[in-house]
2 protein chains.
Amino acid sequence: MSTIYDVAALAQVSPATVSRVINGSSVSPEKAERVRAAAEELSFVPNRTARSLRRRSSNMIALVIPDIENPFFTVIARGVEDRAREAGYSVVLCNTDEDSTKEAAYFDIAVLEHMAGVIVAPASDASDLDRIASAGRPLVAVDRRSHDRRVDSVVIDNPAAGREATEALIAQGRRRIACITGPESVETAQLRLEGWRSSMTAHGLDTAGLERHADFRVLGGRAAMRELLALPQPPDAVVATNNMMAIGALQALHEGGIRSGDIAVASLGDLPSAPVMPENTLVIDLPARALGITAAEVLLRRIAGTESAPETIVLGTGD
Amino acid sequence: MSTIYDVAALAQVSPATVSRVINGSSVSPEKAERVRAAAEELSFVPNRTARSLRRRSSNMIALVIPDIENPFFTVIARGVEDRAREAGYSVVLCNTDEDSTKEAAYFDIAVLEHMAGVIVAPASDASDLDRIASAGRPLVAVDRRSHDRRVDSVVIDNPAAGREATEALIAQGRRRIACITGPESVETAQLRLEGWRSSMTAHGLDTAGLERHADFRVLGGRAAMRELLALPQPPDAVVATNNMMAIGALQALHEGGIRSGDIAVASLGDLPSAPVMPENTLVIDLPARALGITAAEVLLRRIAGTESAPETIVLGTGD
DNA sequence: GTGAAAGCGCTAACAA
DNA sequence: TTGTTAGCGCTTTCAC
């Protein structure tokens with residue numbers, strides 16, 4: 001493990017010059033070359049910890065997501081990671097289980113570790129993003145906006161996604177279409193629900209009693225579907241506003257012995273690789289990877305020091 | 001952001017004493033109390049970067065896995081993370097896509113970042129674990145042993161898992177049982193295959209032409225199953241040595257229009273949450289979480305300085 | 001038990 | 001453009 005002093009000695013320059021070469025400041029060509037040769041010779045690699053200490057910022061980015069078992073978020077993670085790594089940053093993946101307490105603990109760590117920035121899919125509207133913002137760390141919300149409008153957000157056009165799913169079911173001839181959405185405290189859940197509602201009313205269809213709030217997870221989707229099945233007049237289709245609840249809904253249909261085709265399910269977002277896709281299932285692709293890439297780009301820009309007002313980037317579902 | 005100097009000044013002791021209190025060295029009770037009060041007062045938290053620089057070791061652990069989309073590995077990750085976090089370490093998740101080059105890049109980062117240790121499910125037997133070992137960083141292989149016998153390993157009893165799956169199929173009355181396993185360069189794949197083979201021969205069943213090597217992924221499993229279906233005499237069951245290949249095999253069966261029940265599939269490891277589990281499917285539970293927890297414990301012990309000879313811990317499939 | 005002082009390896013003023 | 005120097009915040013000898 002050689003240091004810039006070793007390199008400086010071998011190249012017969014000062015440590016500062018070595019540092020400049022590493023960081024791309026202006027150095028005369030011949031000295032730069034000597035430094036490069038010396039660094040090569042000693043297989044020198046800069047000590048990132050020392051750099052972080054001095055710069056008061058590391059090259060780690062925290063990515064805080066609510067559910068690592070959900071492929072939607074792992075795809076986002078891969079998008080973030082690919083872009084971040086290109087820029088020389090490492091990504092620390094933090095899983096919160098939709099739990100704001102766990103989330104807060106991760107935020108504290110991010111600050112303590114002097115992480116360069118944080119990308120978060122907030123567990124709820126109550127997420128304490130201020131913990132990060134007030135510490136002056138760049139922060140980007142992804143997939144879900146925060147109530148804190150000071151932070152950048154990268155989201156999907158959620159109402160459009162809700163409408164798209166609903167329209168597709170209507171086009172299949174479905175009329176009594178229910179919607180299973182996420183917690184009321186998550187804006188994404190509300191917006192997708194609104195998309196469904198607007199499509200329904202636009203087509204003159206009744207929505208009364210057909211909304212259900214669940215938890216964005218399999219069990220919640222299943223329970224909600226069971227309730228819908230128990231209605232005096234069950235739906236003939238359902239929009240699940242995320243993939244996990246769609247799986248839960250399909251499970252409930254299967255348990256209930258519903259004939260495939262009697263009730264159609266539209267999922268917002270790809271299902272985890274399944275052996276067989278049930279025929280009555282419709283998937284609306286969500287641009288998860290683009291979400292991750294874009295969030296990383298916005299964050300990197302903030303890390304680089306861009307000072308513009310916080311922005312919300314809305315990605316179309318077709319992206 | 002206060003420092004130990006601020007705390008020292010307020011408590012009227014030297015910075016060294018503050019450091020000692022933080023790290024639990026012997027300090028007189030009254031001074032210790034003064035320091036604690038001062039730290040509380042200033043809401044002091046030690047700067048981890050400075051500590052890492054000084055100690056030449058951070059409190060980050062790298063977890064390098066081949067496939068973040070595979071729930072088997074995410075469950076391992078959660079096991080690792082839970083245990084690591086208890087001990088005050090953060091976990092950096094690194095996804096290699098079964099690619100040794102990507103893996104090597106992560107190893108380099110782990111060394112550069114002075115990470116406290118690395119847990120890896122090696123992409124192949126050719127994985128260059130020496131990169132870490134020779135840098136003196138603690139290293140534990142999980143799920144897959146390395147050819148490098150200097151490192152600790154935590155694995156499943158793979159032959160037993162292979163046998164268990166095979167015996168279960170035999171108990172169902174299956175006789176012509178194929179095996180789709182992973183790459184030849186991955187020991188885990190070989191051992192599970194051997195488990196299958198030993199059960200087959202123990203029951204006097206023929207194994208000729210019924211082995212397939214794939215890549216532990218959905219597409220590979222599907223292709224292998226197609227080949228098996230194209231055999232003059234196709235199998236009546238198949239053991240897939242991991243969950244993703246089991247999904248691929250089931251897909252191939254579905255595409256091939258095979259009646260459910262004609263060919264049974266046994267999967268080593270839980271399937272990702274699926275809407276419906278096909279009836280002809282059998283899952284052998286693998287103790288993924290225990291794998292993660294145990295690997296973390298072994299690593300933490302090494303980080304703490306245990307100097308015993310490298311060990312291989314084999315977890316029973318019943319654990 | 002406690003404090004003074006010397007760094008860990010790097011970067012950023014400040015001079016030259 | 002280049003070098004000198006002073007830290008970033010912490011830990012750890014080494015004296016006392």
Side-chain angles (χ1 to χ4, degrees), chain A residues 1-36 38-39 42-60 88 111-116 135-137 303-305, chain B residues 1-36 38-39 42-60 88 109 111-116 135-137 303 305:
Chain A
M1 279 279 129
S2 46
T3 74
I4 48 169
Y5 289 92
D6 303 325
V7 176
L10 185 58
Q12 310 206 52
V13 297
S14 76
T17 300
V18 177
S19 173
R20 289 184 186 111
V21 173
I22 298 167
N23 296 291
S25 307
S26 56
V27 171
S28 77
E30 59 270 43
K31 290 206 174 177
E33 193 37 58
R34 287 214 316 265
V35 169
R36 258 187 288 278
L42 299 170
S43 58
F44 164 80
V45 268
N47 181 319
R48 298 193 185 200
T49 309
R51 173 180 290 177
S52 299
L53 178 59
R54 181 61 228 229
R55 290 209 188 143
R56 297 145 164 278
S57 171
S58 80
N59 49 356
M60 297 268 187
V111 173
L112 281 182
E113 292 276 358
H114 293 288
M115 296 213 188
R137 295 282 109 177
I303 290 172
Chain B
M1 279 280 128
S2 46
T3 74
I4 49 170
Y5 288 92
D6 304 324
V7 176
L10 185 57
Q12 312 205 53
V13 297
S14 77
T17 299
V18 177
S19 173
R20 289 186 186 110
V21 172
I22 298 168
N23 296 291
S25 305
S26 57
V27 171
S28 76
E30 59 269 45
K31 290 204 174 176
E33 194 35 59
R34 282 203 333 254
V35 168
R36 257 187 288 277
L42 299 170
S43 59
F44 165 79
V45 267
N47 180 319
R48 298 192 185 200
T49 310
R51 174 180 288 177
S52 297
L53 177 59
R54 183 58 230 235
R55 291 210 187 138
R56 296 145 166 281
S57 171
S58 81
N59 49 356
M60 296 268 185
I109 289 172
V111 172
L112 282 182
E113 292 276 0
H114 293 287
M115 297 212 186
R137 295 282 107 177
I303 291 171

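We name chains A, B, ... by the order of the sequence lines, and we start the count at 1 in each one. In what follows, every heavy atom counts, from backbone to side chain, and hydrogens, waters and symmetry copies are set aside.
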Problem set entry | side chain to side chain donor-acceptor pair (under 3.5 Å) partners of T3(A), counting only residues at least two apart | none
[X] versus [Y]: any side-chain heavy-atom pair under 4.5 Å?
X: V27(B); Y: V35(B); result: no
X: R20(A); Y: V13(A); result: no
X: Y5(A); Y: V18(A); result: no
X: V7(A); Y: V21(A); result: no
X: Q12(B); Y: R34(B); result: yes

Problem set entry | Contact nearer the 5' end of DNA chain C, comparing T17(B) with R20(A) | T17(B)
Exercise. Which residue, Y5(B) or R56(B), contacts DNA chain C at a nucleotide closer to its 5' end, judged by nearest heavy atom?
Worked result: Y5(B)
Exercise. Mapping S14(A) and T49(B) to their closest nucleotides on DNA chain D, which lands nearer the 5' end?
Worked result: S14(A)
Seminar exercise, completed: Result for 5'-nearest mapping on DNA chain D, choosing between S2(B) and E30(A), is E30(A)
Exercise. For DNA chain C, which nucleotides open and close the run of contacts to chain A, 5' to 3', at under 4.0 angstrom from a non-hydrogen atom?
Worked result: dG9(C) to dA13(C)
Seminar exercise, completed: Residues passing the salt bridge (charged side-chain N to carboxylate O under 4.0 Å, His left out) test with R48(A), sequence neighbours excluded, are E113(B)
Seminar exercise, completed: salt bridge (charged side-chain N to carboxylate O under 4.0 Å, His left out) filter on R36(B), not counting sequence neighbours, yields E33(B)
Exercise. Which nucleotide of DNA chain D is the first, and which the last, in the 5' to 3' direction, to come under 4.0 Å of a heavy atom belonging to chain B?
Worked result: dG9(D) to dT13(D)
Exercise. What closest approach, in Å, do P15(A) and A8(A) show between heavy atoms, and which atom pair accounts for it?
Worked result: N-CB, 3.6 Å
Seminar exercise, completed: Axis-to-axis angle across the helix from dG1(C)-dC16(D) to dA16(C)-dT1(D), five pairs each end, nearest 10 degrees, ~ 40°
For this session: Would you mind classifying the nucleic acid contact of R48(B) as base, sugar-phosphate or nothing, using non-hydrogen atoms under 4.0 angstrom?
Result: nothing
For this session: For S19(B), answer base if it contacts any base atom (sugar-phosphate contacts may also be present), sugar-phosphate if it contacts only those atoms, and nothing otherwise; contact means non-hydrogen atoms under 4.0 Å.
Result: base
For this session: Return yes if some donor-acceptor pair links the side-chain N/O of S58(A) with the main-chain N/O of H114(A) below 3.5 Å, else return no.
Result: yes
Exercise. Backbone N or O of L53(A) within a donor-acceptor pair of the T49(B) side chain at under 3.5 Å?
Worked result: no
